[in-house]
Protein chains: 2
Amino acid sequence: MNLEDIAKLSGVSRSTVSRVINDDPNVRESTRQRVQDVISRMDFQPNLAARTLATGQAKVIGLVIPMGVSTMFTDPYFPMLIKGISAACNAQDYSVMLWLAEPEYERRTINQILHNGMIDGVVVASVLMDDPIVEALIHSNMPFVLIGRHPTNSQVNYVDVDNRTSSRQLVEHLINMGHRRIGTITGAQNMIAGSDRLLGYMDALTQGGIPLDLELIASGNFTEEGGYAAMKRILPHRPQAIFAASDTMALGALRALEEAGLRVPTDIALAGFDDMPFSAHLRSPLTTVRQPVLETGMRAAEALFDLLENPAQGPTHLLMPTELVVRESTPPQLQPTS
Amino acid sequence: MNLEDIAKLSGVSRSTVSRVINDDPNVRESTRQRVQDVISRMDFQPNLAARTLATGQAKVIGLVIPMGVSTMFTDPYFPMLIKGISAACNAQDYSVMLWLAEPEYERRTINQILHNGMIDGVVVASVLMDDPIVEALIHSNMPFVLIGRHPTNSQVNYVDVDNRTSSRQLVEHLINMGHRRIGTITGAQNMIAGSDRLLGYMDALTQGGIPLDLELIASGNFTEEGGYAAMKRILPHRPQAIFAASDTMALGALRALEEAGLRVPTDIALAGFDDMPFSAHLRSPLTTVRQPVLETGMRAAEALFDLLENPAQGPTHLLMPTELVVRESTPPQLQPTS
DNA sequence: TTCCCTTTTGGGAGCGCTCTCAAACCCCTG
DNA sequence: CAGGGGTTTGAGAGCGCTCCCAAAAGGGAA
């Protein structure tokens, strides 16, 4: 069943059927009606491959999720992101081609996917700072939007959460609660989120007039185990509060604290980042930063659509606002009455 | 850059270039070499839309994940499944088109996606028993494989975990540990996994000569909150052990038990299903059933590829084996020495 | 050297759609 | 009722590939 068949059945030409399908105004109302009837009666769908070939656009975007990011499998971040992107695509009649990029993917394979003409643009989620896929994209002429800002190239379009500001605000909150010896468990520093959250921590200390103490900083690599290990390293240096750059790491930190016989928040304050589903249900509900993951995904897709419609426009740099969620894990300290 | 260009550059015809690309043996070695060189030098990729149009196959499979399944966003099941499917696809040069199906999708939209010629087949993940998408697929001629067996139509291809047997074995284990008053928190009964796990529970009781007590059965709808509520309903009827049809529900049950001042496993035994990452790290590590999610995804994709190559073959019904993981939440009961 | 058979190559048609251009049609005015 | 404008329709080419068939090239035997 193709245009020609529909044309025959409704007594018009292929061109007219095409016009009806594409809502061309230059069709007499009665003709449109007649053709439309046949189309619905036959349950006809135009062939997308043919259409793609003829128009040069596929109405498909690629979603690249670099694997090896183990968090993919333990938290709802990616599913949520996917849902956001997918929702935006549905709204605009785009489809999503999913590409889980294994680390060992070579340049050739990358190009293969970029240049096969089945994809109009690409959204790349959560990349390492020096991801080869991003490099390949920069040197191609495939439109793309990053989720997570690019550290160096300001021409690159991105949608990101404002990690630096949010972290600063969170640590400011800790300072306001009366802490000065504030440690941080950082995320992987080759990921932009890890790096930005550390910068936010430093911003807050600087602004609060608190000198940086490197012994209070340890990397937790965004994993539970990493958080546990990092906490153990920081603990001997007697922190009053800990900012873990992810709730998952905070969970690990909590385990280390419990093993050391310390209680949150009586003995030590603890804050995280992400507002995972479990974070509100810990024994001491976790102060954290909630990020709009779904919206981030939607915005990224929408930014890409914009780009596809208007390739000449300047780079999109969108920082999504976050929400500081204060819970019981970071109560005010009792101050000595002065 | 297209076949014709490559042909010109290497001094052969379009047809010969096509042969080289498709590994046709009828090409002189020297010619192949020459063409191959030009292809790599130009970084040429054949246009997939054109190829799809010409051959009638897209080398793309659709992955349909019906939304509204809220578990999508709290556990690693779908990400893992996606990874498995994606891995199988990569291995066979297929791509994955992702389609998150909103519940309100109408038949028209379904058809639209099924008949647009960009997809060779479909994998449908975790469906409700009477999912309209499945109905639509059955009545279309689009090859498809379900993840999760179809309750009534034996012609439908599926790959599933052996929920019924695994549940039976788990409950048998509870019986072996010395329990007789064994309750169950069931999953949603309009999902095949929920239904099968309940059947397994009943199988074990029957086989163990334990009469069914409806007061010990409550639905938890596969959510934490549901598990909590169900546990509260069962608790007054003094169960010795609980089989929750998912670890997530077990978590809710645990919360209810703690609120009631009961401890696992001293006061009551608790078992789950799924072996979530958190399950091993609870205060009383959870006895549960581990299912091979990644492999399930891979097998489903592979089953679909088989089907695409050999459409005439009989229906594929594959049940993946599971592993009973016994942990501290279900210790043997102290028996009165007889 | 010629002939025949096999191997290798080239050309054309066609996949189903869009898009441009020209032809046909319609309606109104003078 | 002819002419002129706008509106509506149809035909053809082309998107980049595959696949079939025929032509050319090569190689060995007579």
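- With contacts defined as side-chain heavy-atom distances shorter than 4.5 Å, the pair Asp131(A)/Pro66(A) qualifies.
- Atom CD in Gln33(B) sits roughly 18 Å away from atom C1' in dT9(C) (whole-Å rounding).
- Each of Leu3(B), Val27(B), Val38(B) was compared with Val20(B) under the side chain to side chain contact (heavy atoms under 4.5 Å, CB included) criterion, and only Val27(B) meets it.
- In this structure, Asn26(B) reaches the bases: a heavy-atom distance under 4.0 Å links it to at least one base atom across the strands shown.
- Contacts of Thr16(A) with the nucleic acid, taken as non-hydrogen atoms under 4.0 Å apart, involve only primed sugar atoms and P, OP1 or OP2.
- Looking at which nucleotide of DNA chain C each of Ser15(A) and Ala49(A) is closest to, the 5′-most match is held by Ala49(A).
- For the atom pair CG (Asp120(B)) and CD (Glu309(B)), the distance works out to 11.5 Å, reported to the nearest 0.5 Å.
- When heavy atoms are screened at a 4.0 angstrom cut-off, Thr31(A) is found touching the sugar-phosphate backbone but no base atom.
- With a 4.5 Å cut-off on side-chain heavy atoms, Asp5(A) and Met42(A) do not count as touching.
- Computed from coordinates, the Leu3(B) CG to dG10(C) C1' distance equals 14 Å when rounded to whole Å.
- Rounded to an integer number of Å, the gap from CD of Gln57(A) to P of dC17(C) is 16 Å.
- Partners of Thr55(A) by side chain to side chain contact (heavy atoms under 4.5 Å, CB included), not counting sequence neighbours, listed by chain and number: Arg51(A), Gln57(A).
- Rounded to an integer number of Å, the gap from Asn22(A) CG to dT20(C) C1' is 15 Å.
- Atoms CZ (Arg19(B)) and P (dT8(C)) sit 11 Å apart, rounded to a whole Å.
- Mapping Leu53(B) and Arg14(B) onto DNA chain C via the closest heavy atom, the residue that lands nearer the 5' end is Arg14(B).
- Side-chain contact between Val17(A) and Arg14(A) is absent, with no heavy-atom pair separated by less than 4.5 Å.
- Comparing Thr55(B) and Arg28(B) along DNA chain D, the residue whose closest nucleotide (by nearest heavy atom) sits nearer the 5' end is Thr55(B).
- With a cutoff of under 4.0 Å to any heavy atom of chain A, the contacted region of DNA chain D is bounded 5' to 3' by dT8(D) to dG16(D).
- The line from CG of Asn153(B) to OH of Tyr158(B) is 11.5 Å long, rounded to the nearest 0.5 Å.
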